[in-house]
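Since the structure comes first, as structure tokens, the remarks are kept for the end.
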Amino acid sequence: MELRVEDLRKSYGGAAVLQGVSFTAEIGLTRVTGSSGIGKTTLLRILLGLESPDGGATNAGRFRWAAVFQEDRLLEQLDAAGNLRFALGAAYDETAARALLAELGLSEVGDKRVRDWSGGMKRRLALARALLAPSDALALDEPFTGLDAENREAAMRAILRAAETKIVILSTHEELPIPVPCQIIEL
């Protein structure tokens with residue numbers, strides 16, 4: 001399984017955001033890095049099929065993707081289990097969900113509605129949703145936003161476990177919470 005990106009280009013209003021981006025990614029972790037506004041989110045949106053490139057090619061459409069967006073995109077009136085059940089549908093596995101929520105430090109939230117959670121708690125639930133979704137590939141856009149050091153490390157461990165069987169494209173301008181071998185794409 002190999003994701004290919006060849007000479008990808010994207011502009012907005014005449015200003016180039018992506019210029020000639022090329023790489024391949026296999027099962028494992030690929031980190032996309034660069035300063036804010038450099039095009040990391042745009043690249044992920046193209047891979048997810050949410051935007052079209054102006055030029056170049058990718059085979060990203062061959063894969064079933066799960067994602068963590070910059071916004072958490074949660075249903076605020078539901079609790080953790082309700083959010084996961086809604087997003088995962090028939091793929092919801094209560095045992096796996098409970099285990100991952102515990103690993104991410106969310107086992108004590110009970111039936112508390114998401115709207116009453118902190119930003120870091122919401123971020124961890126958004127990550128859990130992506131990690132539990134049936135997929136071949138993950139697109140993670142700044143997944144550590146709002147997390148303290150301990151929760152960043154727990155999140156990274158869960159991401160690395162997913163990277164054992166999936167292509168994981170992780171976009172961040174920050175250092176990873178724990179050192180890990182990975183391919184780095186600098187935009």
Side-chain angles (χ1 to χ4, degrees), residues 25 27-34 36 40-45 47-48 50 63-182 184:
I27 290 174
L29 180 64
T30 297
R31 179 178 173 214
V32 178
T33 187
S36 293
K40 299 182 302 292
T41 296
T42 298
L43 173 62
L44 293 183
R45 289 180 56 80
L47 295 178
L48 291 168
L50 300 174
F63 300 102
R64 182 172 50 169
W65 289 87
V68 170
F69 297 93
Q70 284 188 346
E71 315 82 24
D72 296 320
R73 299 184 181 189
L74 300 170
L75 298 170
E76 298 277 326
Q77 73 278 15
L78 298 179
D79 63 5
N83 267 274
L84 294 175
R85 276 190 203 99
F86 181 85
L88 302 174
Y92 178 74
D93 176 336
E94 186 172 351
T95 302
R98 283 181 191 234
L100 185 55
L101 290 174
E103 180 181 357
L104 296 176
L106 294 173
S107 59
E108 301 301 319
V109 295
D111 60 358
K112 188 176 176 183
R113 292 180 181 179
V114 169
R115 71 171 160 239
D116 298 324
W117 291 17
S118 71
M121 292 168 73
K122 291 176 182 180
R123 196 69 180 155
R124 288 179 276 155
L125 179 57
L127 178 60
R129 179 186 58 208
L131 292 171
L132 290 168
S135 65
D136 306 310
L138 290 170
L140 308 176
D141 198 354
E142 302 291 353
F144 309 116
T145 301
L147 303 186
D148 62 24
E150 181 181 339
N151 286 313
R152 287 168 53 92
E153 289 179 16
M156 189 72 229
R157 285 191 296 275
I159 291 167
L160 289 174
R161 200 169 47 257
E164 292 173 4
T165 60
K166 300 176 185 196
I167 295 170
V168 177
I169 308 295
L170 189 154
S171 165
T172 183
H173 62 277
E174 301 175 17
E175 290 301 314
L176 296 179
I178 54 178
V180 295
C182 63
I184 298 175

Practice task
May I have the step-by-step check of side chain to side chain contact (heavy atoms under 4.5 Å, CB included) for Leu101 and Leu84, ending in yes or no?
Solution key: CA-CA 10 Å; Leu101 290 174; Leu84 294 175; 4.0 Å; yes
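For the residue pair Ala126 and Val68, the shortest heavy atom distance occurs at O-CG2, 3.7 Å. The heavy-atom pair separating Leu160 from Ile178 by the smallest distance is CD1-CD1, 4.1 Å. Ala162 and Leu138 get closest at one heavy-atom pair: CB-CD1, 3.8 Å. Taking both residues in full, the closest heavy atoms of Gly120 and Leu147 are given as O-CD2, 3.3 Å, listed atom of the first, atom of the second, then distance. Leu44 and Ala139 get closest at one heavy-atom pair: CD2-CB, 4.1 Å. Taking both residues in full, the closest heavy atoms of Ala80 and Val114 are given as N-CG2, 4.4 Å, listed atom of the first, atom of the second, then distance.
Side chains of Ile169 and Trp65 form a contact here, defined as non-hydrogen atoms less than 4.5 Å apart. Residues Leu74 and Arg129 form a side-chain contact, since some pair of their non-hydrogen atoms from C-beta on lies under 4.5 Å apart. Between Leu43 and Lys40, every side-chain heavy-atom pair lies at or beyond the 4.5 Å cut-off. Using a 4.5 Å cut-off on side-chain heavy atoms (C-beta onward), Leu170 and Leu176 make contact. Residues Leu125 and Asp72 fail the side-chain proximity criterion, which asks for heavy atoms closer than 4.5 Å. Leu100 is listed as a side-chain neighbour of Arg161, based on a closest heavy-atom distance under 4.5 Å. Looking only at side-chain heavy atoms (C-beta outward), Thr30 and Ile167 stay at 4.5 Å or farther from each other. Counting heavy atoms from C-beta on, the side chains of Thr41 and Phe69 never come closer than 4.5 Å.
Once rounded to the nearest 0.5 Å, the distance linking CG of Leu78 with CZ of Phe86 reads 8.0 Å. The CD atom of Gln70 lies 7.0 Å from the OG atom of Ser171; values are rounded to the nearest 0.5 Å.
Side chain of Arg123 to main chain of Glu142: a donor-acceptor pair is present (N/O by atom type, distance under 3.5 Å, no hydrogens or angles). Listed for the Thr33 side chain is no donor-acceptor partner under 3.5 Å among the backbone atoms of His173.
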Listing, residues 148-157 side-chain donor-acceptor contacts under 3.5 Å, not counting sequence neighbours, or none:
residue: Asp148; atom: OD1; partner: Glu150; partner atom: N; Å: 3.3
residue: Asp148; atom: OD1; partner: Asn151; partner atom: N; Å: 2.8
residue: Asp148; atom: OD1; partner: Asn151; partner atom: ND2; Å: 3.1
residue: Asn151; atom: OD1; partner: Arg124; partner atom: NH1; Å: 3.3
residue: Arg152; atom: NH1; partner: Glu174; partner atom: OE1; Å: 2.7
residue: Arg152; atom: NH2; partner: Glu175; partner atom: O; Å: 3.0

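Annotation: side-chain hydrogen bond (donor to acceptor under 3.5 Å, both in side chains) contacts involving residues 74-90, sequence neighbours excluded, comprise Glu76-Lys122. Each side-chain hydrogen bond (donor to acceptor under 3.5 Å, both in side chains) pair with one or both residues in residues 106-119, not counting sequence neighbours, would appear here, but there are none.
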